[in-house]
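In what follows, a single structure is set out as structure tokens and then discussed.
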There are 2 protein chains.
Amino acid sequence: MTWSDYDSTSCSIARTAQVLGDRWAVLVVRDLFNGVRRFDALHDHLGIARDVLTKRLALLVGEGLAERQPVAVPGERTRHEYVLTPAGRDLRVVMVALMDWGDHHRAGQDGPPMRISHRDCGAPIHAHLVCDEGHEIEPTTRTELAPLPGARLRSA
Amino acid sequence: MTWSDYDSTSCSIARTAQVLGDRWAVLVVRDLFNGVRRFDALHDHLGIARDVLTKRLALLVGEGLAERQPVAVPGERTRHEYVLTPAGRDLRVVMVALMDWGDHHRAGQDGPPMRISHRDCGAPIHAHLVCDEGHEIEPTTRTELAPLPGARLRSA
DNA sequence: ACCTCTGAGTTTGGATTGCAGACCCAGATG
DNA sequence: CATCTGGGTCTGCAATCCAAACTCAGAGGT
């Protein structure tokens with residue numbers, strides 16, 4: 001039983017990619033994290049086609065990453081906002097990991113464009129790999145992949 | 001100057017998504033991590049169309065995430081393998097973050113399908129957010145985003 | 001010399017998806 | 001009653017995806 005004997009699509013990475021495996025989905029989630037919540041604001045900032053944005057938002061809502069909430073300001077007509085659910089907010093680790101990689105490997109002349117920091121202490125935040133014994137996992141550290149009960153073999 | 005005043009595409013997440021923001025690119029990288037390195041093996045395991053695989057591999061090579069290496073087994077004709085470069089291997093944090101999310105939010109009846117662990121100590125590995133002062137960043141911890149010299153304002 | 005097999009793609013034609021821009025609808029506002 | 005605006009839908013065309021067929025070169029068999 002080697003890795004390739006297991007079903008590619010029942011892997012957790014594949015399942016997450018099912019939701020997030022699209023340029024726009026990633027960027028929409030990023031903007032939701034950063035407080036861009038209204039349809040037109042997303043359309044404007046991302047430069048995404050309106051119908052595609054509609055579909056991506058529907059996907060995120062359907063997958064439980066975001067919710068469409070009516071926002072009632074008195075004296076104004078009801079607006080709508082898309083807000084991340086707890087499941088959506090759990091993607092922060094992914095976002096920071098993507099950002100770290102871009103900072104290291106795709107920064108321009110002037111270095112990285114943004115810094116995310118811990119509000120309480122001001123220190124920059126990064127994504128790390130750590131094992132449950134507390135050892136830091138470096139890029140060269142050897143790891144092992146083992147199947148669990150949830151694993152599925154490929155059919156035929 | 002708020003987030004939406006900055007150019008969406010010059011963000012590090014956008015730049016990483018430029019490379020990895022496609023379902024197949026993510027899965028190809030995942031399989032390269034797991035030792036699936038030959039064209040036909042990738043085609044077979046992923047179920048990806050052959051021409052799309054050709055394009056994705058060309059993308060990964062062009063972006064410096066992978067290299068196409070001839071593998072000469074004596075007495076056999078030369079084969080080729082795609083191998084992750086150091087830049088490609090740096091995506092491990094992203095992969096584990098994606099896997100963690102899938103494990104938590106998309107596991108089936110029987111729980112997660114795979115476990116990645118530290119070979120030296122056997123303990124499972126997870127992606128964490130940590131600030132440079134060493135504080136663990138929980139999903140609810142407040143963070144702050146600040147522009148750096150590399151930031152670009154939107155043109156018009 | 002000829003045939004076959006295999007790895008690694010390339011080509012082809014039809015089905016999807018993406019895009020920009022035009023259009024639509026309902027609730028304020030003048 | 002006409003207009004404006006948020007939040008979409010519709011349309012026509014371009015790019016991408018897909019499965020399956022085709023290509024090509026090097027090894028082996030006969």
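Every chain is numbered from 1, with letters handed out A, B, ... down the list of sequences. These values consider heavy atoms only, across backbone and side chains, with no hydrogens, waters or symmetry-generated copies.
For A/Trp24, counting side-chain heavy atoms from C-beta on, the closest listed nucleotide (C/dC19, D/dC17, C/dG9) is C/dC19. Nearest nucleotide to the side chain of A/Ala49, out of C/dC19, D/dG7, C/dG7: C/dC19.
For the pair A/Asp40 CG and C/dA26 P, the interatomic distance rounds to 18 Å; values are reported in whole Å. In this structure, B/Arg37 atom CZ and C/dG7 atom P are separated by 16 Å, rounded to whole Å. In this structure, B/Leu46 atom CG and D/dC17 atom P are separated by 14 Å, rounded to whole Å. Atom pair B/Arg50:CZ and D/dC17:C1' shows a separation of 16 Å (rounding to whole Å applied). One interatomic measurement links the two molecules: CG of B/Asp22 to P of C/dG18, which rounds to 11 Å at whole-angstrom precision. Distance A/Arg38 CZ to D/dG6 C1': 8 Å, rounded to the nearest Å. Spacing between atom CD of B/Glu81 and atom P of C/dG9 amounts to 12 Å, rounded to whole angstrom units. When rounded to the nearest whole Å, the span between CZ of A/Arg79 and P of D/dT5 equals 11 Å.
Counting non-hydrogen atoms under 4.0 angstrom, B/His43 reaches nothing in the nucleic acid.
Between the SG atom of B/Cys11 and the CD atom of B/Gln18 there is a distance of 11.5 Å, given to the nearest 0.5 Å.
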Query raised in the report: Given the rule in the side-chain hydrogen bond (donor to acceptor under 3.5 Å, both in side chains) test, do B/Arg68 and B/Tyr82 qualify, once you have shown the distances and angles that lead to the verdict?
Result: CA-CA 5 Å; B/Arg68 184 173 188 269; B/Tyr82 292 87; 3.3 Å; yes
Query raised in the report: Step by step, would you call A/Asp40 with A/Arg50 a salt bridge (charged side-chain N to carboxylate O under 4.0 Å, His left out)?
Result: CA-CA 9 Å; A/Asp40 275 17; A/Arg50 303 175 75 80; 3.3 Å; yes
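Phosphate contact (OP1/OP2 of C/dG18, side-chain N/O of A/Lys55, threshold under 4.0 Å): present. In this structure, A/Arg23 does not reach the C/dT17 phosphate: none of its side-chain N or O atoms is under 4.0 Å from OP1 or OP2. OP1 or OP2 of D/dG6 has not a single side-chain nitrogen or oxygen of A/Tyr82 nearer than 4.0 Å. When the side-chain nitrogen and oxygen atoms of A/Arg56 are compared with OP1 and OP2 of D/dG8, none of them lie within a distance under 4.0 Å. A close approach under 4.0 Å does not occur between any side-chain nitrogen or oxygen of A/Thr78 and OP1 or OP2 of C/dG27.
Ion pairing of A/Asp110 with B/Arg152 is present here, as a side-chain N (NZ or NE/NH1/NH2) and a carboxylate O approach within less than 4.0 Å. A salt bridge links A/Arg154 to B/Asp44: one of the charged nitrogens lies within less than 4.0 Å of a carboxylate oxygen.
Nearest-nucleotide assignment on DNA chain D puts the 5′-proximal partner with A/Arg77, out of A/Arg77 and A/Asp51.
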